[in-house]
Amino acid sequence: MDKSVADLAEAVAPITDGASVMIGGFGSSGIPFGLIDALLEQGATGLTVISNNAGAGETGIAKLLKEGRVARVICSYPRSPGSIWFEKRYEAGEIALEVVPQGTLAERIRAAGAGLGGFLTPTAYGTLLAEGKETRVIDGKGYVLEAPLHADFALLRAERGDPWGNLSFHATARNFNPVMAMASRHAVAEVRELSRAPLDPERVVTPGIFVQSVVEYGVRP
Amino acid sequence: MDKSVADLAEAVAPITDGASVMIGGFGSSGIPFGLIDALLEQGATGLTVISNNAGAGETGIAKLLKEGRVARVICSYPRSPGSIWFEKRYEAGEIALEVVPQGTLAERIRAAGAGLGGFLTPTAYGTLLAEGKETRVIDGKGYVLEAPLHADFALLRAERGDPWGNLSFHATARNFNPVMAMASRHAVAEVRELSRAPLDPERVVTPGIFVQSVVEYGVRP
Amino acid sequence: MTVLSLKSLTDAELAARVARDIPDGAYVNLGIGKPTHVSAHVPEGREVIYHSENGILGVGPTPPAGEEDVELIDASKRYVTPAPGAAYFEHADSFAMMRGGHIDIAVLGAYQVAETGDLANWATLDDKFPPAVGGAMDLVVGVPTILVMMRHVNRDGSPKLLKRCTYPLTGLGVVRRVYTDLAVLDVTPQGFRLVELTPGNSLDAVRAVTGADILT
Amino acid sequence: MTVLSLKSLTDAELAARVARDIPDGAYVNLGIGKPTHVSAHVPEGREVIYHSENGILGVGPTPPAGEEDVELIDASKRYVTPAPGAAYFEHADSFAMMRGGHIDIAVLGAYQVAETGDLANWATLDDKFPPAVGGAMDLVVGVPTILVMMRHVNRDGSPKLLKRCTYPLTGLGVVRRVYTDLAVLDVTPQGFRLVELTPGNSLDAVRAVTGADILT
């Protein structure tokens, strides 16, 4: 089995206009900058981006927003220091925004990957973010019913990968990458090091079954 | 921080009559035989045992059943080659049995550990095991609402532990151990090797926050 | 009895027949019992990745005698080894693979299969016999291609392929194809449709031991 | 204005006051902003284990200049190091720790706190300002002890401690204790109850800048 592809362009080639794309990362860590740049070059537009943040400065998701490729953002924390392109697009009414509590975002993505139809979480009960959602009280505690969140594609960043698609991560770069691999129809991972030998089965964090292609991108941001 | 305890007896001392006890393991792997033997010696009775299997031969959970310590079993696969003590107690009407599909068992345990109020799973929809449960159809697919499964205690088996309670596992001995650590008020781990130095943070499978005590038990079954 | 005039495949022949239909690169879960033998018969040159629900993807062959590891087993509790590219994981992740549609094919044994694709393989009607469901219900709702391999009839000659199952169901409308010692049948919206008869059997003879129609 | 006659703690003094109440062996999540400074003030001899929701338990000190690792950060996006006994994990596991009641204490900043324990710390009423909720809503429902540290009043002198919050809520009835530059207050079923005044302040002066009653 060999899921490795030759370059970033080949890895992002299947992404079409209007696709939903999960993008791993939190702050500056675990973001697949190589794949995002390749996606910019590739040209797909009208994208729904699912990610914790909405980019900062002029790189990564911020660049996708700057270039007008994004129609919709689903995230927990769009406003960060330097999130100027998100703010511009948002204020101009050019993007739709869905804000999801961070743990609910992770759990909705996991639920999609795990084949669940939804879950009851206490998070956001009684708040604006639960408005219009089904709720129920169990043993005196309020819960909100949340739906799974699927995507067409996931762009991931990992430290090490093998031809079977197995991935391991570095420090806090793990973040959303493992659940996003599970929840997308087609997950693409850029890895700092592509090993031809299989990873140690004890050290695999994301098993290859969740990953459709792997590409080496040696740059560490 | 030092969560290590001197011996198995001390580790199981807090378990009281009538407690619910999750016990890790699948088949012969990942079973905390040392802790189960200590629990037998300790004498607690009227226990609810939550485990994938209901023991085989004359060891482990089978011994708890043989000695009449178990009032109730929640598991997915009680009947295995050699599960004679389970069968005897069951046929004599001496234990209550709740059979849960294996993935639903794992997910209910995880939901408890993750603070969720329940989840919708397609598993068991339309079958005997969904009778009396709330169901709903989403996009043409049927789902069953399942509740979280908590326990007072968890008895775990791991390969390596450290004083902070971090655990790593060996091969398929991982199985239910990590989710059970999350879902119990008090999780006790027997580890083949208790390291005084912290485990490598990248190799920790169960972070110490889920584990209340660790005891070395060098025997590998 | 009609059943005596039929020619049955051996278990090994049946496993080999199923194995022919497992494509290169597939992620496959093999149920306990007869299905575990399928892996030994997959044709050379195909890399199939076996998932075992107790926490391993990439199940390799049985270890040599004396090299068994009691903490490295498959769902049938047999000693195994990791194949190249294997990974270990815990149960919630393992069942996410099954329920979430990530595994391509599951091969399961069965007590009964209905022409609607309903599967019964976990409980009988015997109260004394404690039920044991295991992972079968999770597999059938999540894996897109459910293959059943089983004897065509029970030991007493009664049919296992039926219009409706009489035993408690594992899943509704989930079976894609059934491989028996007498025939291979697809489950279609119209019912069982013959794919092939195993050597030496006539359609009439197979129909006589089947509790539902067989379309051709 | 009354507010001008009050004596405020500095941010460092406030952080030190909160830190005094963090017991040995506690698992603690520090929110972004002022709460991140608490860890620097925990008294010697106490081992506190810091959780950061981006996937690390056991957050250690800032690395020396030149040894930063861009993939080793905390939730405030500051460079950190692993403390002894640290572990890395992914986001679903990280929030299981929060939501599942495994973390003992969270220290959060706030826009407003109501005498009912309601917390508002994620959104204002300004439409132009995009809302950003992050992990605050998950923390407040799962962590049994929610401590708030904040200035007692807004820059314009208006109160942040209120009978009812006017900003969108983060959680209902979740705050246990509030530490401000003027006072420490417990949230009780009867409302805010004074624990202590910070040095140099009178109860009357603090009451004058508080939008709810203070019980003693």
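Every chain is numbered from 1 and lettered A, B, ... according to where its sequence line falls, protein lines coming before strand lines.
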Can you tell me if Glu41(A) has over 12 outside heavy atoms packed within less than 6.0 Å of its CD? no

Residue pair Tyr27(C) / Trp164(A): nearest heavy atoms and the distance that separates them: OH-O, 4.1 Å

Gap between atom CG of Asp104(C) and atom CD1 of Ile209(A) - 0.5 Å precision: 7.0 Å

Strictly less than 4.5 Å between heavy atoms, which residues of residues 47-57 of chain C line up against chain A? Please order them by number. Glu47(C), Ile49(C), Leu57(C)

Who wins among Ala92(C), Gly25(C), Ala87(C) for the most heavy-atom pairs under 4.5 Å with chain A? Ala87(C)

Please check if the side chain of Asn166(A) supplies one atom and the backbone of Gly85(C) the other of a donor-acceptor pair under 3.5 Å. yes

For the interface with chain C, which of Gly113(A), Ala197(A), Pro178(A) has the highest count of heavy-atom pairs at distances below 4.5 Å? Gly113(A)

For the residue pair Phe89(C) and Pro207(A), what are the closest heavy atoms and their distance? CD2-CG, 3.8 Å

Provide the closest heavy-atom pair for Ala96(C) versus Met182(A) in the form atom of the first, atom of the second, distance. CB-CE, 3.5 Å

Is the side chain of Arg99(C) donor-acceptor paired with the backbone N or O of Gly115(A) at a distance under 3.5 Å, no angle test? no

Between Tyr88(C) and chain A, with a heavy-atom cut-off of 4.5 Å, which part of the residue counts as in contact: side chain, backbone, both or neither? both

Ordered numerically, the heavy-atom neighbours of chain A under 4.5 Å found in residues 117-124 of chain C are none

Less than 4.5 Å to any heavy atom of chain C: does that hold for the side chain of Arg110(A), its backbone, both, or neither? side chain

